[in-house]
Asker: 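Before I ask anything, here is the structure I am working with.
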Number of protein chains: 2
Amino acid sequence: IMPVVNKTAHEFDKPRLEALLNRRFFYAPAFEIYGGVAGLYDYGPPGSSLQANIIAEWRKHFIIEDHMLELDTTIMTPAPVFETSGHVARFADWMVKDIKTGDVLRADHLVANVLEARLAGDKEARGLAAAPPTEDKKRKKKNVKTTVVKLEDDVVKEYEIILAQLDNYTGTQIGELCRKHNLRNPDTDNEVSEPQLFNLMFASSIGPTGQHPGFLRPETAQGHFLNFSRLLEFNNGRVPFASAQIGRSFRNEISPRAGLLRVREFTMAEIEHYVDPEDKNHERFDEFRNVQLVLLDRHVQEAGGNKTKIMTVGEAVENGTIANETLGYFLARISQFLLKIGINPERLRFRQHMANEMAHYATDCWDAEIHNSTGWTECVGCADRAAYDLTVHSNKTGQPLVVRQALKDPIITEKEIPEWNKKVLGKTYKQDAGIIQKEVELMDQEQLTKLKGELAQGKTAITVSGGATFELTPEVLTIDRKTLKQSVREFTPNVIEPSFGIGRILYTLLEHSYWCREDDVERGVLSLPPLVAPTKVLVVPISARDEFNPLVKEVSSKLRKAGVFSRVDDSNTSIGKRYARNDELGTPYGITIDFASVQNRTMTLRERDTTQQRIGSVDEVIGVVTELVDGGIDWDEACKRLPAYDGVQAV
Amino acid sequence: IMPVVNKTAHEFDKPRLEALLNRRFFYAPAFEIYGGVAGLYDYGPPGSSLQANIIAEWRKHFIIEDHMLELDTTIMTPAPVFETSGHVARFADWMVKDIKTGDVLRADHLVANVLEARLAGDKEARGLAAAPPTEDKKRKKKNVKTTVVKLEDDVVKEYEIILAQLDNYTGTQIGELCRKHNLRNPDTDNEVSEPQLFNLMFASSIGPTGQHPGFLRPETAQGHFLNFSRLLEFNNGRVPFASAQIGRSFRNEISPRAGLLRVREFTMAEIEHYVDPEDKNHERFDEFRNVQLVLLDRHVQEAGGNKTKIMTVGEAVENGTIANETLGYFLARISQFLLKIGINPERLRFRQHMANEMAHYATDCWDAEIHNSTGWTECVGCADRAAYDLTVHSNKTGQPLVVRQALKDPIITEKEIPEWNKKVLGKTYKQDAGIIQKEVELMDQEQLTKLKGELAQGKTAITVSGGATFELTPEVLTIDRKTLKQSVREFTPNVIEPSFGIGRILYTLLEHSYWCREDDVERGVLSLPPLVAPTKVLVVPISARDEFNPLVKEVSSKLRKAGVFSRVDDSNTSIGKRYARNDELGTPYGITIDFASVQNRTMTLRERDTTQQRIGSVDEVIGVVTELVDGGIDWDEACKRLPAYDGVQAV
């Protein structure tokens with residue numbers, strides 16, 4: 001009975017989607033009436049709700065389900081923290097300036113854009129169709145005008161090698177490339193300056209004296225690590241456990257361009273899972289062993305390919321594609337989360353970082369990449385950061401950031417231990433006592449055994465590092481074999497970090513949800529799942545007359561009690577227009593209240609994608625729509641419970 | 001049957017509460033292992049949950065209940081926005097520097113602290129007990145050592161006048177006071193510098209060129225105002241409506257000191273309610289007319305008093321104490337919200353700002369003040385900002401930020417309207433045509449009537465501003481009486497702004513919830529209401545043995561399905577210690593699972609404040625605790641449903 005809805009009658013039209021999102025205020029450029037600022041966006045009512053619903057589900061799916069310890073740490077961070085973490089030195093991009101206009105360009109983007117345009121021009125000159133741009137390119141490309149010029153064969157070869165190695169070049173090398181190959185700002189054809197490193201953190205100053213530089217965090221992770229000892233104590237000293245945080249982060253991008261995909265201020269959701277480096281198995285792995293993933297591993301990429309493999313997490317961990325169970329567990333859980341909120345499974349893959357591509361701290365890393373109109377986009381990173389962060393902060397501050405674990409079977413060792421008679425030591429050697437003591441303490445077991453033997457003979461002599469020699473007797477020093485019991489193991493845990501860019505997920509979800517009615521390309525629909533849709537049910541009185549008020553209030557209040565978020569639309573336009581507006585807002589269900597409703601206490605229920613309408617009593621319809629929203633039943637099942645309706649007010 | 005619990009057996013002990021909050025990681029100084037930064041705090045797991053629960057209830061109570069339009073705008077803001085809003089010029093405090101150490105002090109705090117210490121010393125010298133510091137003082141006071149020195153009577157008088165007028169002084173005047181009265185840094189006894197204005201916004205720079213200064217927002221409000229036109233359109237062009245936003249804001253306080261009450265980074269929840277300036281009545285006012293409020297109005301304060309009055313919102317609006325229904329509506333709703341989350345009604349009052357105290361934009365303002373160990377603290381502000389913000393942004397950007405409202409009864413006016421024959425005008429007067437036309441257009445109705453009469457005579461002459469005179473004939477100019485119909489009214493709405501400091505509310509709630517067991521001051525309890533408690537139910541298996549696992553899982557899963565957030569504590573300590581820990585965490589209910597539970601499927605239910613235990617079957621206990629947490633029943637009712645339990649594991 002469910003009619004087939006053709007959602008692909010019209011090709012995806014990005015400007016049309018963007019117009020819809022702007023018109024319905026999902027999001028808009030921030031400070032628009034002041035001319036806007038690149039890379040800053042405000043979320044309007046439907047965008048805020050969609051974001052809040054994605055975050056609420058994230059909290060349920062990850063934090064509550066796995067009893068993670070939630071944190072809320074500050075954005076403003078004193079500079080020493082990011083000096084230690086490596087961000088001050090390394091969280092930077094190379095930029096060049098147009099020598100005449102002063103316009104700033106990302107150096108690697110410039111090289112890529114110009115060389116790719118030249119290669120495309122060469123292909124055309126050779127009578128070959130220019131290959132469509134590979135969608136795997138992570139770089140955002142500007143449209144550089146192609147000039148049809150044939151290149152020498154060895155120049156083509158050279159350009160191709162440069163492009164393949166682009167991520168490996170230093171700033172100096174990029175500067176040389178620009179001069180050697182005459183790479184200019186494509187917008188103005190002017191030369192560019194020497195590359196300079198530009199740190200992507202926003203800088204500020206804390207307090208009134210100007211003496212305390214600070215940065216806005218570019219990720220929430222450091223806030224977790226600095227609180228590790230408190231978190232561990234909260235968890236009664238046991239690992240594994242995870243902390244989680246949802247919050248704002250900032251990156252001062254050189255030239256943000258791709259809408260919500262590359263912005264300067266964004267909401268992240270990050271998990272830091274602390275695990276014994278010697279045991280990265282996961283307690284719940286078996287529950288998720290059979291989850292299937294689409295994987296693009298590093299070997300395939302290093303061989304120049306991009307062919308994905310489908311396998312279960314269980315297989316991937318067994319055959320070593322995924323390094324350990326904990327990483328595998330999170331990849332499976334990330335996949336389930338993304339599909340649950342409405343990401344198209346055919347446009348989701350997990351790509352492993354290549355060796356030269358990984359962040360300085362990571363030992364293995366997989367990105368959940370979601371395909372959209374700009375290509376495959378990293379939306380979730382899942383890295384094994386090993387012990388890097390805890391170690392550097394501990395070294396810098398002198399605070400131990402370690403787990404102390406009682407050993408079930410204590411480790412028993414026997415050792416020769418030197419023992420001094422402190423009184424005799426001081427009296428005999430005076431100011432040299434310290435040097436002598438230190439010399440003996442530096443001895444290994446073999447040397448101590450030898451010394452013990454010599455002392456057993458009555459006396460011996462040692463030469464200290466300064467060159468002086470001193471006599472030692474059993475009166476001042478005895479060496480005894482002792483049994484030592486080590487009952488506590490101390491270690492720095494490794495950290496596995498799933499890190500979500502909420503804005504990127506939200507935008508790709510909007511692309512995946514968008515389609516236009518087969519019979520009218522102007523009528524857009526966002527097929528958001530009820531779980532994340534900003535409004536679940538629209539209540540539509542056929543007119544704004546007073547006589548509808550009691551029933552509208554009753555329905556709204558019953559929906560509220562059932563936990564279903566609804567909105568009333570009693571605006572002064574036709575029912576058709578009100579539903580069309582709410583199709584654009586992604587509202588999955590609509591309840592129409594007409595004159596018959598007031599008389600007979602019946603209402604119709606409309607489904608967004610099919611526009612089908614069914615009819616039932618007030619309480620029946622509320623019962624069915626509550627189950628639909630909670631995911632207990634689907635529309636097919638709803639149609640079995642409620643008869644079809646084809647009244648005049650159908651739209 | 002409910003035993004009386006004595007919560008006031010021990011006097012409130014702030015260091016003891018702070019130790020508890022630190023030990024249980026409600027919050028802690030941020031970057032503690034780096035030595036910390038004043039005014040920055042991280043929330044740990046219970047603090048994050050408490051905050052998330054307060055925010056969730058806020059969203060329900062305000063946004064959902066009143067269909068407000070939620071926003072999520074950026075923190076990073078380009079400088080021109082705050083230049084227009086007045087923050088660059090006025091969002092500042094006067095500071096002075098210790099001329100030797102360079103230590104920075106807030107100028108008004110310095111004056112207050114030193115003069116108050118001298119007055120206290122004088123009182124002591126006169127044999128009078130120094131009055132306890134007035135708890136109404138909003139300034140955070142440092143403990144300045146009192147020296148017992150008697151002052152001249154007229155000096156005492158002068159000091160008292162200075163203190164009363166402190167908020168009115170300019171920086172220069174404060175500098176003069178410091179010199180005249182020899183006011184020095186009380187920590188060092190050094191002189192201080194001339195007062196300088198210190199802007200409290202954190203400054204940064206947007207983009208790689210350094211040409212775009214930006215600030216971190218000190219409030220979320222501007223993000224609402226700049227989106228006004230989009231919001232209005234989203235609301236189908238109608239007012240009143242409200243936007244709402246929950247988010248981080250920043251203030252670079254000169255010397256933050258009072259824990260969570262004065263911090264540099266904090267979460268706010270702000271509502272901007274847009275209303276017709278000619279009609280500030282509120283649709284739902286009658287529902288809340290009888291809510292009682294404790295009010296401290298401006299007249300009482302201006303007369304030097306601080307005696308509050310209790311009245312209903314309805315009375316207060318009728319007798320003009322509260323300016324209008326919309327302000328009254330919000331004060332009632334704010335009060336209900338605060339009481340719902342657990343604020344003590346006896347420690348809540350609404351204080352009206354005095355005329356000289358209001359922010360530059362406000363026309364009326366009430367603060368919800370909550371009493372805590374530092375005195376009465378502003379936790380919610382509720383200001384009528386009039387049309388200030390929308391007007392200044394509109395003037396600056398040239399974008400209309402107005403409501404256009406169709407008039408039911410159009411306004412009909414008759415007017416003399418000049419009409420030109422453009423062809424003749426140009427041919428006759430050439431380059432002077434423009435000046436002549438402008439001269440006529442500037443005429444008022446009286447002048448036009450006169451001109452009309454003259455033209456009716458055949459011709460006339462006018463003198464333009466340059467002094468030249470031109471002849472006019474009916475051929476080039478006719479003046480006719482026309483009927484004009486104005487069917488649209490355009491106005492800038494007024495804004496009523498309830499603004500919540502979530503951290504301040506959270507901290508005072510913790511103070512109000514804290515008490516110690518009568519028989520043991522070491523056993524602290526946080527009596528947080530279930531609505532906001534971080535964990536609702538603690539599940540406690542009597543030991544970590546495997547045989548308890550199935551039942552623990554069953555109970556956890558049933559609670560999850562019932563929507564009740566629970567945690568299992570199977571740590572390796574006694575049940576008593578586990579409950580004591582959770583009393584400190586504010587967990588209202590506990591379920592104990594023991595050997596009898598496994599055998600008979602019975603469990604005990606413990607109430608936090610009374611420590612009473614009741615017993616019932618697994619499903620009975622889950623049913624009762626679900627209703628307790630949802631607020632459907634109270635503990636007395638629960639005791640009627642479940643028999644008492646006094647088994648051996650009682651704590």
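Here is how names work: the chains are called A, B, and so on, in the same order as the sequence lines, proteins then strands, and each is numbered from 1. Just so you know, these numbers use all the heavy atoms, side chains as well, and skip hydrogens, waters and symmetry mates. This structure is a prediction, so every number in the text was calculated from the model and none was measured.
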Asker: Between B:Gln51 and chain A, which part of the residue has a heavy atom less than 4.5 Å away: side chain, backbone, both or neither?
Answerer: side chain

Asker: Most heavy-atom pairs under 4.5 angstrom with chain A, which of B:Asn199, B:Thr209, B:Asn227?
Answerer: B:Asn227

Asker: Which atoms of B:Lys396 are under 4.5 Å from chain A, going by heavy atoms: the side chain, the backbone, both sets, or neither?
Answerer: side chain

Asker: Which atom names give the shortest non-hydrogen contact between B:Pro208 and A:Glu253, and what distance separates them?
Answerer: CD-O, 4.4 Å

Asker: Tell me, side chain or backbone of B:Ser204 under 4.5 Å from chain A's heavy atoms, or both, or neither?
Answerer: both

Asker: What's the separation between atom CZ in B:Arg567 and atom NE2 in A:His67, rounded to the nearest 0.5 Å?
Answerer: 7.0 Å

Asker: If you tally heavy-atom pairs under 4.5 Å against chain B, which of A:Asn252, A:Asp569, A:Thr267, A:Leu69 wins?
Answerer: A:Asn252

Asker: B:Phe565 versus chain A, heavy atoms under 4.5 Å apart: side chain, backbone, both or neither?
Answerer: side chain

Asker: What part of A:Thr535 gets within 4.5 angstrom of chain B, counting heavy atoms only: side chain, backbone, both, or neither?
Answerer: neither

Asker: Tell me whether the count of non-hydrogen atoms from other residues, nucleotides or ligands lying under 6.0 Å of CD in B:Glu233 goes above 12.
Answerer: no

Asker: For each of A:Gly102, A:Gly39, A:Gly47, A:Pro78, tally heavy-atom pairs with chain B at distances under 4.5 Å, and name the one with the top tally.
Answerer: A:Pro78

Asker: Which region of B:Val37, side chain (C-beta onward) or backbone (N, CA, C, O), has a non-hydrogen atom less than 4.5 Å from a non-hydrogen atom of chain A, or is it both or neither?
Answerer: side chain

Asker: Between A:Arg238 and B:Asp570, is there a salt bridge with N-O shorter than 4.0 Å?
Answerer: yes

Asker: Checking B:Ala203 against chain A: side chain, backbone, both or neither under 4.5 Å from a heavy atom?
Answerer: backbone

Asker: Let's test your reading of the structure: which of A:Ile206, A:Asn572, A:Ile254 forms the most heavy-atom pairs below 4.5 Å with chain B?
Answerer: A:Ile206

Asker: Nearest 0.5 Å, please: how far is CG in A:Leu216 from CG in B:Leu216?
Answerer: 5.0 Å

Asker: Let's test your reading of the structure: which of A:Met95, A:Met68, A:Arg248, A:Gln222 forms the most heavy-atom pairs below 4.5 Å with chain B?
Answerer: A:Arg248

Asker: With a 4.5 Å cut-off on heavy-atom pairs, point out which of A:Glu32, A:Met76, A:Gln399 contacts chain B the most.
Answerer: A:Met76

Asker: Hey, are the side chains of B:Phe250 and A:Ile75 touching, using non-hydrogen atoms and a 4.5 Å cut-off?
Answerer: yes

Asker: Select one option (side chain, backbone, both, neither) describing which atoms of B:His212 are under 4.5 Å from chain A's heavy atoms.
Answerer: neither

Asker: Got more than 12 heavy atoms from elsewhere within 6.0 Å of CD, A:Glu283?
Answerer: no

Asker: Side chain, backbone, both or neither: which part of B:Thr77 has an atom under 4.5 Å from a heavy atom of chain A?
Answerer: both

Asker: Would B:Arg581 and A:Asn236 count as a side-chain hydrogen bond (donor to acceptor under 3.5 Å, both in side chains) if you check the C-alpha gap in whole Å, the side-chain angles of each, and the deciding distance to 0.1 Å?
Answerer: CA-CA 12 Å; B:Arg581 180 161 69 203; A:Asn236 300 315; 3.1 Å; yes

Asker: May I ask you to name which of B:Ala52, B:Ser205, B:Ala30 has the most heavy-atom pairs under 4.5 Å with chain A?
Answerer: B:Ser205

Asker: With a 4.5 Å heavy-atom cut-off, do B:Ile33 and A:Phe228 have their side chains touching?
Answerer: no

Asker: Relative to chain A, which segment of B:Glu70 carries a heavy atom at a distance below 4.5 Å: side chain, backbone, both, or neither?
Answerer: both

Asker: Please state whether the side chain, the backbone, both or neither of B:Ile246 comes within less than 4.5 Å of a heavy atom of chain A.
Answerer: neither

Asker: Using heavy-atom distances under 4.5 Å, tell me whether B:Phe202 contacts chain A through its side chain, its backbone, both, or neither.
Answerer: both

Asker: Would you check if B:His393 and A:Tyr34 make a side-chain contact, meaning some heavy-atom pair closer than 4.5 Å?
Answerer: yes

Asker: Report the option among A:Leu71, A:Leu226, A:Asp72, A:Ile63 that has the most heavy-atom pairs separated by less than 4.5 Å from atoms of chain B.
Answerer: A:Asp72

Asker: Are any of the side-chain heavy atoms of A:Asn22 and B:Arg230 separated by less than 4.5 Å?
Answerer: yes

Asker: Side chain, backbone, both or neither: which part of B:Phe31 has a non-hydrogen atom closer than 4.5 Å to chain A?
Answerer: both

Asker: Is there a side-chain contact between B:Leu585 and A:Phe234 in this structure, where contact means two heavy atoms from C-beta onward sitting under 4.5 Å apart?
Answerer: yes

Asker: Which atoms of B:Asp93 come close to chain A, meaning under 4.5 Å heavy atom to heavy atom: side chain ones, backbone ones, both, or neither?
Answerer: neither

Asker: With a 3.5 Å distance limit and no angle check, can you tell me whether B:Asp42 reaches the backbone of A:Gly223 through a side-chain donor-acceptor pair?
Answerer: no

